[in-house]
A.B. asks: 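Before we start, here is the structure in question, set down as structure tokens.
Throughout, a chain's letter reflects where its sequence line sits, starting with A, and its residues are numbered from 1. Just so you know, these numbers use all the heavy atoms, side chains as well, and skip hydrogens, waters and symmetry mates. Model, not experiment: these values are computed from the prediction.
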Protein chains: 2
Amino acid sequence: MRPDETTTDVLRCTAHGLGELPELVELAIVLTSTMARVAEEHELTPMQGRLLCGLGEQPRRMVDLAQSLGIEKAALTGLVDRAERRGLVERTPVPGDRRAVQVTLTEDGGQAMVAFGTGVASALGELLEPLPVKDRATFCRLASAVVGSARATWDHA
Amino acid sequence: MRPDETTTDVLRCTAHGLGELPELVELAIVLTSTMARVAEEHELTPMQGRLLCGLGEQPRRMVDLAQSLGIEKAALTGLVDRAERRGLVERTPVPGDRRAVQVTLTEDGGQAMVAFGTGVASALGELLEPLPVKDRATFCRLASAVVGSARATWDHA
DNA sequence: TATTGTTATACTCTATAACTATA
DNA sequence: TATAGTTATAGAGTATAACAATA
């Protein structure tokens, strides 16, 4: 099922004077739904997609991954359990610290990761396609600026 | 817990030639996290926030709401059950169709809806604050265009 | 027969608290 | 003591399938 507008209705009422912010709410929903659709096409949950992408570069420890994904380590335990059960990732020991474990991509997981990544990039590309070429770059640049300042704020707090 | 980058890593590897699309993935995460944070500040789940906003204008029927939110009607039953248990909404009969029910905001639900909507608008406003004034409008305009074309595509399919 | 909504069931994602093992 | 990770528990959100009541 695909969402249409809803959350934005109230913003149109309560946020007058605040500009076109409701568009950002819809944008969040469109982007999130798009990624969820791509994940589903590859038989992944959105969170599994993010997990695989987090392992694209190299194995990561649980603490590290939990932080990257913005979830508690206990939640990650379950996430990795399920991904492991599906043959996407493996837990391996970390040399030099017998408390820790590394999570690594399996062969299948690596393929799923690449397929998902490619699919997301392609789907987002299609989303921008209707825009004039010049606007696409502008939009990405501004998106990047917003993300950057948001992260800067969070890191301070 | 707040997420940092992760999903975008693989895109940087697999999506070369596709431009700055990874920024859009991060943007989705930043926007979604921001709305989740605001919901939490008002003791709502993100989905409850969306539900309340969907009822801001007038009562809605279950089928209608499920469609707006992009979930199955059975899932909406549970969502409304929990919201009703918290005193945010009520189920009332629809005159003229004894199969249907309307969902309406309670007094509390209405206040929560306005508070949440205001909070979201304010939080999104802060997110744009670091941008030059001119860029803010541009960003919202482009966001609106992306959303519009995405919805147009979905409506066709 | 078709539509509206609920119930039953199962799974994913999440948090908190308590625990084990290692540093 | 502090850190890494798991287990236990509880709750939210979701889908599918089967169902009841009404149109």
A.B. asks: Provide the closest heavy-atom pair for A/Ala66 versus A/Leu76 in the form atom of the first, atom of the second, distance.
C.D. replies: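 Shortest heavy-atom contact: N-CD2, 3.5 Å.
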A.B. asks: Looking at residues at least two apart in the chain, or sitting in another chain, which of them share a side chain to side chain contact (heavy atoms under 4.5 Å, CB included) with A/Ala100?
C.D. replies: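 Checked A/Ala100 against side chain to side chain contact (heavy atoms under 4.5 Å, CB included); matches are A/Arg61, A/Val94, A/Asp97.
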A.B. asks: Quickly work out the A/Ile71 CD1 to D/dA12 C1' distance and round it to whole Å.
C.D. replies: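 Roughly 16 Å, once rounded to whole Å.
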A.B. asks: Test of understanding: with side chain to side chain donor-acceptor pair (under 3.5 Å), list the residues that count as partners of A/Thr32, not counting sequence neighbours.
C.D. replies: B/Thr32
A.B. asks: Write down the distance between CG (B/Leu51) and P (D/dA12), rounded to a whole number of angstrom.
C.D. replies: 14 Å
A.B. asks: Given D/dA4, is OP1 or OP2 found less than 4.0 Å from the side-chain N or O atoms of A/Arg98?
C.D. replies: no
A.B. asks: Could you go through nucleotides 9-12 of chain C and list every protein N or O atom that sits under 3.5 Å from one of its N or O atoms, giving the distance for each pair?
C.D. replies:
from	atom 1	to	atom 2	distance (Å)
C/dT12	OP1	A/Arg86	NH2	2.8

A.B. asks: Nearest whole Å is fine: how far is D/dG13 C1' from B/Glu40 CD?
C.D. replies: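 The answer, rounded to whole Å, is 16 Å.
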A.B. asks: Could you tell me the separation between the CD atom of A/Glu72 and the P atom of C/dT16, rounded to a whole number of Å?
C.D. replies: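 Checked: the CD to P distance equals 6 Å.
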A.B. asks: Does anything in residues 100-128 of chain A form a salt bridge (Lys or Arg N to Asp or Glu O under 4.0 Å)? List the pairs, not counting sequence neighbours.
C.D. replies: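 Every pair satisfying salt bridge (Lys or Arg N to Asp or Glu O under 4.0 Å) with a residue in residues 100-128 of chain A: there are none.
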A.B. asks: Which residues pass the side chain to side chain contact (heavy atoms under 4.5 Å, CB included) test with B/Ala145, sequence neighbours left out?
C.D. replies: A/Leu131
A.B. asks: B/Leu44 has an atom CG; how far is it from atom C1' of D/dG11, in whole Å?
C.D. replies: 16 Å
A.B. asks: A/Arg60 CZ to D/dA4 C1': how many Å, rounded?
C.D. replies: 16 Å
A.B. asks: When you check every protein heavy atom under 4.0 Å of nucleotides 2-8 of chain C, what one-letter string (B, S, -) results, 5' to 3'?
C.D. replies: -BBBBB-
A.B. asks: Test of understanding: with side chain to side chain donor-acceptor pair (under 3.5 Å), list the residues that count as partners of A/Glu84, not counting sequence neighbours.
C.D. replies: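 Scan of A/Glu84 (side chain to side chain donor-acceptor pair (under 3.5 Å), adjacent residues dropped) gives A/Arg91.
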A.B. asks: Of all residues at least two apart in sequence or in a different chain, which pass the side chain to side chain donor-acceptor pair (under 3.5 Å) check with A/Thr104?
C.D. replies: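 Partners of A/Thr104 under the side chain to side chain donor-acceptor pair (under 3.5 Å) test: none.
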A.B. asks: So which of A/Arg86, A/Glu90, A/Gln111 actually passes side-chain contact (heavy atoms from CB on, under 4.5 Å) with A/Thr106?
C.D. replies: A/Glu90
A.B. asks: Quick one: which residue pairs count as a ring pair (Phe, Tyr, Trp, His ring centres under 6.0 Å) with a foot in residues 120-151 of chain B, not counting sequence neighbours?
C.D. replies: A/Phe139-B/Phe139
A.B. asks: Over the length of the helix from C/dT1-D/dA23 to C/dA23-D/dT1, how much do the five-pair end axes diverge, rounded to 10 degrees?
C.D. replies: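 Here the helix ends are tilted 10° relative to one another.
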A.B. asks: Looking at residues at least two apart in the chain, or sitting in another chain, which of them share a side chain to side chain contact (heavy atoms under 4.5 Å, CB included) with B/Ala123?
C.D. replies: B/Thr34, B/Arg37, B/Val38
A.B. asks: A/Ala74: which residues meet the side chain to side chain contact (heavy atoms under 4.5 Å, CB included) condition with it, sequence neighbours left out?
C.D. replies: none
